[in-house]
Amino acid sequence: MSAEVSPPPVLAMTEVEASYGPFRALFDVSFRIGPGEAIGLLGANGAGKTAVARIAGGLLPPTAGTVVVDGVDMGGENAYKFARAGVAHAPEGRSVFATFTVEENLALSFRRALGRSGVKSGLSRAFEIFPRLGERKSQLAGTLSGGEQRMLSLARVMVEEPRLLIADELSLGLAPIIIEEVYKVLHSIRQAGTSLLVVEQHATHALSLCDRIVVLDHGRVVWEGPSDDALGAIESSLFKG
Ligand code: ATP
């Protein structure tokens, strides 16, 4: 009888620790994301969610533990190597070049990711997925609404068809109707086969999108399980967010 061989996780963090100078931000953090799986990372302010997201994207080196992408130990690698391995990071906040137009922002990212010849097809794909960005392609990115800027951040990374997309608090400060739109896009990214690490302070949207939830508190994983069970854990005050 042959044992079933499951594919390696897209991302595996094992016993990861992290510090900002003398401040210890993460303790013994372990979790995995399987191919095509969506994991929600929940926790209150300061729980360490962004630290985990930055480590998963190669932006913050862990002080201990391992980060493995598609079976390859990324120890000591930088963000560029993570990107080459198919990890894309859509950071929280307004991460666009404010004085460049929407189209210029996209073209810059696509030239870097896809080469000069990939810019045209990248742009048409981005405008197909985000028609609103197409309507506003000549507008300076700094004058877009918060939700539109979040869409621009997503468009910059998703055209690369990443193996893993890290979405860090994309709903932060957005009106509920815009959050719905951003989450619709995350749903379609997921349907296209990309794994997701969705960092959220508020649980509702992450619960409906994700298969499993990891809850952080004071830099530690305090709960992990299927999304369907997470509400109980949250209500039993393991996590208040
Ligand atoms: P939020 O939801 O408020 O963004 P978070 O869960 O993403 O919070 P992190 O940003 O990962 O939390 O921060 C974890 C801890 O590390 C916090 O206590 C924070 O104050 C601290 N921290 C973050 N960045 C730095 C830094 N550059 N220097 C010192 N401490 C930091």
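Whatever order the structure lists them in is the order used to number ligands and atoms, beginning at 1. Numbers here simply count residues along the sequence, with the first being 1. Computed over heavy atoms, backbone and side chain alike; hydrogens, waters and symmetry mates excluded.
- Residue contacts with ligand 1 include Gly48, since one of its heavy atoms falls under 4.0 Å from the ligand.
- Not a single N or O atom of Ala25, backbone or side chain, sits closer than 3.5 Å to an N or O atom of ligand 1.
- Of the possible polar contacts, one joining the Ser227 side chain to the Cys210 backbone as a donor-acceptor pair under 3.5 Å is found.
- Those atoms of ligand 1 that come under 4.0 Å of a heavy atom in Lys49, given as number and element, are 1 (P), 2 (O), 5 (P), 6 (O), 7 (O), 8 (O), 11 (O), 12 (O).
- Within a 6.0 Å sphere centred on NE2 of His187, other residues, nucleotides and ligands contribute more than 12 heavy atoms.
- Each of the following atoms of ligand 1 lies closer than 4.0 Å to a heavy atom of Ala44: 6 (O).
- Among Ala53, Ala51, Ser19, Ala47, the residue whose heavy atom lies nearest to atom 11 (O) of ligand 1 is Ala51.
- Applying the 6.0 Å contact sphere to OH of Tyr20 captures more than 12 heavy atoms from other residues, nucleotides or ligands.
- The neighbour count for Arg84 CZ, taken as heavy atoms of other residues, nucleotides or ligands under 6.0 Å away, does not exceed 12.
- The shortest non-hydrogen separation linking Ile55 to Phe82 is O-CE2, 3.7 Å.
- Here atom 3 (O) of ligand 1 lies nearest to Asn45 when heavy atoms of Asp168, Asn45, Leu26 are compared.
- When atom types are taken as modelled, the side chain of Arg190 and the backbone of Leu209 share a donor-acceptor pair closer than 3.5 angstrom.
- Residue-ligand proximity: Glu169 is placed with a non-hydrogen atom under 4.0 Å from ligand 1.
- Considering backbone and side-chain N/O of Phe23, none are found under 3.5 Å from N/O of ligand 1.
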